[in-house]
Asks: 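Below is the structure I would like to discuss, written out as structure tokens.
Note that this is a predicted model, so its numbers are computed, not measured.
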Amino acid sequence: MQNLEEKVKPIFDLVLLELESAYKNHPIWPGNHVTGAAIILEEAGELIQSVLDVYWHGLIEEKSNMVDEAIQTAAMVVRFLIELDNTKTK
């Protein structure tokens, strides 16, 4: 069995690529925590829609979309944490 680092490295590499793309395409992060969290929720909503498409409708072709949406969600969580000190609570 692979150790944890071997399992997560390729995933973290994809998250980093997505994060770099997000910074390039959207260089300005919202100035408040609520909007930042809403971005995470929007991505998570797309992830759950992909999961439901596979689970309820048997759309196996959506499985790769689940991975894409999970990576995008993870990237936005990381960006939220990076930008935390640069955003306002109110």
Asks: Apply side chain to side chain donor-acceptor pair (under 3.5 Å) to S50 and list each qualifying residue two or more places apart in sequence or on a separate chain.
Replies: N65
Asks: Output every pair passing salt bridge (Lys or Arg N to Asp or Glu O under 4.0 Å) with a member in residues 33-52, not counting sequence neighbours, ordered by first then second residue.
Replies: none
Asks: Out of curiosity, does I40 fall in the hydrophobic cluster containing V78 (side-chain heavy atoms, cut-off under 4.5 Å, transitive links)?
Replies: no
Asks: To the nearest 0.5 Å, how far apart are OH in Y55 and CD1 in I48?
Replies: 11.0 Å
Asks: Drop me the distance from I28's CD1 to E83's CD, to the nearest 0.5 angstrom.
Replies: 11.0 Å
Asks: Once you round to the nearest 0.5 Å, how far does NE2 of H26 lie from OG of S21?
Replies: 7.5 Å
Asks: State yes or no: do V67 and V54 share one hydrophobic cluster built from I, L, V, M, F, W and Y residues joined by side-chain heavy-atom distances below 4.5 Å, directly or via other members?
Replies: no
Asks: Would you call W29 and I39 a side-chain contact if the rule is heavy atoms closer than 4.5 Å?
Replies: yes
Asks: List for me each residue that meets side chain to side chain donor-acceptor pair (under 3.5 Å) alongside E20, sequence neighbours excluded, and say none if there are none.
Replies: none
Asks: Could you list the residues that satisfy side chain to side chain donor-acceptor pair (under 3.5 Å) with D68, not counting sequence neighbours?
Replies: none
Asks: Could I get the full list of side chain to side chain donor-acceptor pair (under 3.5 Å) partners for D85, not counting sequence neighbours?
Replies: none
Asks: Got L17 and I71 here, is their nearest side-chain heavy-atom distance under 4.5 Å?
Replies: no
Asks: Side chains of L81 and V77: closer than 4.5 Å at any heavy-atom pair?
Replies: yes
Asks: Considering all heavy atoms of both residues, which atom of A44 and which atom of T73 are nearest to each other, and what is their separation?
Replies: N-OG1, 3.5 Å
Asks: I need the minimum non-hydrogen distance between M66 and L47, along with the two atoms involved.
Replies: O-CD1, 3.4 Å
Asks: Kindly give the heavy-atom pair with the smallest separation between A22 and M76, and that separation in Å.
Replies: CB-CE, 3.5 Å
Asks: Who passes salt bridge (Lys or Arg N to Asp or Glu O under 4.0 Å) against K63, sequence neighbours left out?
Replies: none
Asks: Tell me whether the count of non-hydrogen atoms from other residues, nucleotides or ligands lying under 6.0 Å of OH in Y23 goes above 12.
Replies: yes
Asks: Where do I82 and L19 come nearest, in terms of heavy atoms and distance?
Replies: CD1-CD2, 4.0 Å
